[in-house]
2 protein chains.
Amino acid sequence: MQQQDEEDLGIVDALAQLAFVVQGKLARHAAARDLSMIQARLLGVLRDREPTMQELARLLDLDKSSVTGLIDRAEKRGLVQRAPSGDDRRAIRVRLTKSGRQIATDVRRLFQADVASATQCLSSAESKRLSTLATRIVKSSAHAGGLPRMP
Amino acid sequence: MQQQDEEDLGIVDALAQLAFVVQGKLARHAAARDLSMIQARLLGVLRDREPTMQELARLLDLDKSSVTGLIDRAEKRGLVQRAPSGDDRRAIRVRLTKSGRQIATDVRRLFQADVASATQCLSSAESKRLSTLATRIVKSSAHAGGLPRMP
DNA sequence: TATTGTTATACTCTATAACTATA
DNA sequence: TATAGTTATAGAGTATAACAATA
C-alpha cells in the first residue's frame, strides 16, 4: 500500500468532517424532496411522537414562535396536522399526515442506502466497531445534555 | 456492567446522531462568538486560503449570489476583506482580517477541547481507531465528490 | 460570447416582544 | 399569575433571474 492519501486527520478533524459529510447526505436527500434540513428533522421527530408545540420547540431546540412558522409551512404543504390535545385546551398536538409519513420514510430510506454505500470502504467488522464507538459518544453526550434523536 | 443503555444504535443512526452531536458542539461555540454555522464554516475555509467569490461558492456549496450576501455581512463585521485578484480584474479574493483569524482560532480551539472531552469515554486506542475509520469514510466520500474540509 | 460578481426579488428560518386564551 | 400558542417585526441565509464589467 502507498501512503498517498491515507494520513489520519486526527480525531477532531475526522469527526468534524465526518459530521459534514453525513449531514450533507441527509440534506441532499431532503432537498430532493424539497425539504430543508429543519423540515426533514421535523418529520423525523414526528415519526414516533405527537408532541405539543412546546415539546417540539424543546426537541428541535427552537423558540416556540419559530415552531409556529415551521408548522404553518409544513401544514400548508400537507406534511403535518394540528390537532387538539384533549384535556388542556391551550395545547395543540402535531402529527404527520399520511403524505408526511411517506416522505419521511422515503428520505430515511435514501439516507440509509447512502450511509451503507459510504461505509462500503469498511469491512463488516470495522463497520461494527465504528458503530459501537459512535454509539458510545452519542450516549455519553446525551447524558451530558446533548440533542434528541434524529432522522 | 449492566446492559442498560448500551445497545448499539446501528451504523446509520450512530453516524446520523454523531453528526448532530458534533455539529451541535460547533454551532454552540460559534454562537458564543455570535457566528452562524455558515459564518463559522466561512472563517474555517479561509484559514488557509484566499479564494475568489467563485471558488468560495464551490467550497461552501452556495450560489454565487448567496456568497455576495455572506461576505457583505462578514465584511461589515470586520471578519473578512475583499481584495483585487491581480491579473483578472473581474475576480475578487476574500481573506480573513486579523480579527477574523483570531475568532476563527478561538472557535476552533473551543471545539477541539469539546471533542476531546466528548471522546474521554474512549480509551486512547479506541479514539485512534475511531479517527482512522472516520478518516477512511471522509476520504472515500471526498473521492466520490463530497464536501471540502471544514472548521 | 463567456465568466465574475452584484443587484433585485422572494422565500425560509430564526429570535424577541407583545398579545390572546386557557389554566 | 403562569403557561400554550400566535402575531408582529426584524434580520440572516438562500436561490433565481437580470444586470455590469471584464476576458
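Computed from a predicted model, the values in this text were never measured in an experiment. Chain identifiers are assigned alphabetically (A, B, ...) following the order of the sequence lines, protein sequences preceding nucleic acid strands; residue numbering begins at 1 within each chain.
Here the closest heavy-atom approach between residue A74(B) and residue L42(B) is recorded as CB-CD2, 4.0 Å. Scanning all heavy atoms of the two residues, the minimum distance from V22(B) to L15(A) falls at CG1-O, 3.8 Å. Considering all non-hydrogen atoms of both residues, R77(A) and D34(A) come closest at NH1-O, 2.8 Å.
Residue S85(A) is classed as having no contact, given no heavy-atom separation below 4.0 Å to the nucleic acid. Contact annotation for D34(A): no contact, since no heavy-atom pair falls under 4.0 Å across all strands.
Rounded to a whole Å, the CG atom of D72(A) is 12 Å from the P atom of dA8(D). Atom pair Q54(A):CD and dA23(C):C1' shows a separation of 14 Å (rounding to whole Å applied). Rounded to an integer number of Å, the gap from L62(B) CG to dA12(D) C1' is 13 Å. As a whole-Å value, the separation of D87(B) CG from dT3(C) P is 17 Å. The interatomic distance linking Q39(B) (CD) with dT14(C) (C1') rounds to 15 Å, in whole Å. Rounded to whole Å, the distance from CZ on R58(B) to C1' on dG5(C) is 16 Å. Residue R77(A) contributes atom CZ, which lies 14 Å from atom P of dC11(C) at whole-angstrom precision. Summarising the geometry, the separation between CD1 on I92(A) and P on dT3(D) is reported as 18 Å, rounded to the nearest angstrom.
Regarding contacts with the backbone of dT6(D), a side-chain N or O of R82(A) is found under 4.0 angstrom from either OP1 or OP2. At least one side-chain nitrogen or oxygen of S66(B) sits closer than 4.0 Å to the OP1 or OP2 atom of dA15(D).
Along DNA chain D, the nucleotide nearest K64(B) and the nucleotide nearest R73(B) are compared for position; the residue whose nucleotide lies closer to the 5' end is R73(B). Each of L35(A) and R90(A) was matched to the nucleotide of DNA chain C holding its nearest heavy atom; the match closer to the 5' end belongs to L35(A). Mapping M37(A) and G69(B) onto DNA chain C by nearest heavy atom places G69(B) at the nucleotide closer to the 5' end.
With R93(B) as reference, E55(B) is the one residue of E55(B), Q81(B), R82(B) to meet the side chain to side chain contact (heavy atoms under 4.5 Å, CB included) rule.
Proximity note for I38(B) (side chain, C-beta onward) versus dA4(D), dG13(D), dT14(C): the nearest is dG13(D). Listed nucleotides: dA23(D), dG5(C), dT6(D). Nearest to the side chain of R89(B): dA23(D). Relative to the side chain of S65(B), the nucleotides dT14(D), dT16(D), dC13(C) differ in distance, and dT16(D) lies closest. Considering only the side chain of D88(B), dA23(D) comes nearest among dT7(C), dA4(D), dA23(D).
Note: L60(B) CG to R58(B) CZ = 10.0 Å, rounded to the nearest 0.5 Å.
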